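One structure is given below, encoded as structure tokens.
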Amino acid sequence: MMFEMVKLTAKHLEELIAEPKNMHLVSWLATGHADELAKADSVTGMVDGQIMFCGGALPYWTGRAFIWGVFSERSKHHGIPVFRGIKKWIDERPYRRLEVDVPLDVWFTDVAKRRVRLLGFGLECERAKFYRSNGKDSALYSLVKEHPNV
């Protein structure tokens, strides 16, 4: 089993969003977000050529960025290499403060909370009301690096 990280393309995201568990993102993708994310600090994690996740960092300003991610249903079968790849990528980001939100109204809420904690993020806000563009709530997490490679 070989894990590799490659530059994100819009096609990678389109493949993930076609999976039944990611269908809630179809309208979001239709607005052109995939092309914009492909231009940013974004990657695709693959195991043996199959896409496991797409994710990236969107800077607010120097030293601070928002982390986003979309996972394949297959990623649960390759948890260790996927997790290690994401952790390494996060550690290499040139930001002192990284933030992520976890939607509170989707099937993967508990899994996502567990994953972000395992990656070193700490809970900052249990329920940020009307946080997302669709008016739904999210939990907010952050990771502050003591010795950032900024």
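Here the structure is a predicted model, which is why all the values come from computation and not from measurement.
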Could you walk me through whether Met5 and Trp89 pass side chain to side chain contact (heavy atoms under 4.5 Å, CB included), step by step?
CA-CA 9 Å; Met5 196 87 74; Trp89 182 83; 3.7 Å; yes
Check residues 76-83 and write down every donor-acceptor pair under 3.5 Å in which the side-chain atom is one partner and the other belongs to a residue at least two apart or another chain.
none

Does [X] pair with [Y] as a salt bridge, N-O distance under 4.0 Å?
{"X": "Glu92", "Y": "Lys88", "value": "yes"}
{"X": "Lys39", "Y": "Glu36", "value": "yes"}
{"X": "Arg114", "Y": "Asp110", "value": "no"}

Hey, what do you get for [atom1] ([X]) to [atom2] ([Y]), rounding to the nearest 0.5 Å?
{"X": "Asp101", "Y": "Tyr141", "atom1": "CG", "atom2": "OH", "result": "10.5 Å"}
{"X": "Leu143", "Y": "Lys145", "atom1": "CG", "atom2": "NZ", "result": "7.0 Å"}
{"X": "Phe130", "Y": "Arg132", "atom1": "CZ", "atom2": "CZ", "result": "11.0 Å"}
{"X": "Ser42", "Y": "Leu13", "atom1": "OG", "atom2": "CG", "result": "8.0 Å"}
{"X": "Ser72", "Y": "Lys21", "atom1": "OG", "atom2": "NZ", "result": "11.5 Å"}

Where [X] and [Y] come nearest, the two heavy atoms and their spacing:
{"X": "Leu123", "Y": "Leu140", "value": "CD1-O, 3.6 Å"}
{"X": "Ala139", "Y": "Leu104", "value": "N-CG, 3.8 Å"}
{"X": "Ala34", "Y": "Ala10", "value": "CB-CB, 3.8 Å"}
{"X": "Val102", "Y": "Ala112", "value": "CG1-CB, 3.7 Å"}

Flag, side chain of [X] to backbone of [Y], donor-acceptor distance under 3.5 Å:
{"X": "Glu99", "Y": "Ile67", "value": "no"}
{"X": "Glu19", "Y": "Glu73", "value": "yes"}
{"X": "Asn22", "Y": "Phe71", "value": "yes"}

Aromatic Tyr60 / basic Arg64 pairing, under 6.0 angstrom, 45° off normal:
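Yes, Arg64 and Tyr60 form such a contact.
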Around atom CZ of Arg84, are there more than 12 heavy atoms from other residues, nucleotides or ligands closer than 6.0 Å?
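Open.
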Candidate pair Val144 and Phe121, rule side chain to side chain contact (heavy atoms under 4.5 Å, CB included), full reasoning
CA-CA 8 Å; Val144 177; Phe121 288 81; over 6 Å; no
Hey, does Asp137 have a side-chain heavy atom less than 4.5 Å from the side chain of Asp105?
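No, their side chains stay 4.5 Å or more apart.
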Do Ser142 and Glu124 have side-chain atoms, one donor and one acceptor, less than 3.5 Å apart?
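Yes.
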Can you give the donor-acceptor pairs under 3.5 Å from side chains of residues 43-57 to other protein atoms, not counting sequence neighbours?
unit_1 : atom_1 : unit_2 : atom_2 : d
Thr44  : OG1    : His12  : ND1    : 2.7
Asp48  : OD1    : Met2   : N      : 2.8

